[in-house]
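Working notes, structure below.
What you see below is based on every heavy atom in this structure, not just the backbone, and it leaves out hydrogens, waters and symmetry mates. These numbers come from a predicted model, not from an experiment. Chain A is the first sequence line, chain B the second, and so forth, proteins listed ahead of strands; every chain is numbered from 1.
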There are 2 protein chains.
Amino acid sequence: MEKNLKKINTSDENCPVRKTMSLVSGKWTLLILFQINDRTIRYGELKKTIPGISEKMLIQQLNFLVKNEFVSKKAYPEIPPKVEYTLTNLGLKTLPIIEQLAKFGLENLK
Amino acid sequence: MEKNLKKINTSDENCPVRKTMSLVSGKWTLLILFQINDRTIRYGELKKTIPGISEKMLIQQLNFLVKNEFVSKKAYPEIPPKVEYTLTNLGLKTLPIIEQLAKFGLENLK
DNA sequence: TTAGGTACTAACTAATTAGTTAGAATAACT
DNA sequence: AGTTATTCTAACTAATTAGTTAGTACCTAA
């Protein structure tokens, strides 16, 4: 017999919303994931798709996302450098979150 | 004929994901919305459901959410004070976002 | 030999966000 | 008179996050 079947539990440090947000609440994180999406994209291309982001933030976030296995990175040993980014399986699973955020924005914010 | 039918646009300042995140990316914002959910809840009760939040943050976020019409507030002219919070229609529309965040956390984060 | 292209790195500063501590209001109850 | 209950304020500090500026590496092409 389950002891605790109520729908809403307290949001302590184990709360899945809290844990997820701790990974994706950065200003640029979800935008980067959204732009990579289901494609393979180079650093420079990615930068163009997110106007206003600085190189520091883009790389910092990409490193973070690679470290946390949302994104995979492939560097070609060429000069000038060529680096491609793709979403991992885990990264792809963030897309439904982003879709909901986009839907909310489109329908409710001017 | 539409000129721009590609699925992914650039994420500039009009990006709906960006606009939504600018409202809900705070550390406590979505937890508060999630805890209010479809019920009417008093300040003190709400506080208990989010362990670790300080009174300052709770009230600050509640004021923010009321100002932005995610939450409505009803104060009873009693002593000691009694104040009830509920989600507005707009606030209710954030629940699908939160569900996706929870789902992601439950399925992918330990 | 100089400039251009690509993906970074590092040091520093600024801005935003969150946390801490103390306390106010007021009626009822002891 | 003093304690309790509840919601909220204010002043201040700390921590986190983001922005700025300058520069590196290496090959190619002008």
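- Counting non-hydrogen atoms under 4.0 angstrom, B:Lys56 reaches a base of the nucleic acid.
- Regarding A:Gln61, its CD atom lies at a distance of 13 Å from the C1' atom of D:dT16, rounded to whole Å.
- In this structure, the side chains of B:Leu31 and B:Trp28 come closer than 4.5 Å at one or more pairs of heavy atoms.
- Distance from the side chain of B:Tyr43 is smallest to D:dC8 among D:dC8, D:dG19, C:dC8.
- With hydrogens and angles disregarded, a donor-acceptor distance shorter than 3.5 Å links the side chain of A:Lys19 to the backbone of B:Lys110.
- In this structure, CG of B:Leu62 is placed 14 Å from C1' of D:dT6, rounded to the nearest angstrom.
- The residue among B:Lys82 and A:Lys27 whose nearest nucleotide of DNA chain D lies closer to the 5′ end is B:Lys82.
- Here the side chain of B:Thr29 pairs no donor or acceptor atom with the backbone of B:Ser25 at under 3.5 angstrom.
- Between the CD1 atom of A:Ile79 and the P atom of D:dA29 there is a distance of 14 Å, given to the nearest Å.
- Here the P atom of nucleotide C:dT16 and the CH2 atom of A:Trp28 are 13 Å apart, to the nearest Å.
- Within 4.0 Å of B:Lys47, counting heavy atoms only, lies no atom of the nucleic acid at all.
- In this structure, A:Asn63 and B:Ser54 both approach DNA chain C, and ranking their closest nucleotides by distance from the 5' end singles out A:Asn63.
- In this structure, the nucleotide among C:dA7, D:dT6, D:dC8 sitting nearest to the side chain of B:Lys73 is D:dC8.
- Atom NZ of B:Lys82 sits in a crowded spot, with more than 12 heavy atoms from other residues, nucleotides or ligands closer than 6.0 Å.
- With distances taken from any side-chain atom of B:Arg42 to the nucleotides D:dG19, D:dA5, D:dT7, the minimum falls on D:dT7.
- A:Glu55 comes within contact range of at least one nucleobase, with a heavy-atom separation under 4.0 Å.
- Contact annotation for B:Tyr85: backbone-only contact, meaning every heavy-atom pair under 4.0 Å involves sugar-phosphate atoms and none involves a base.
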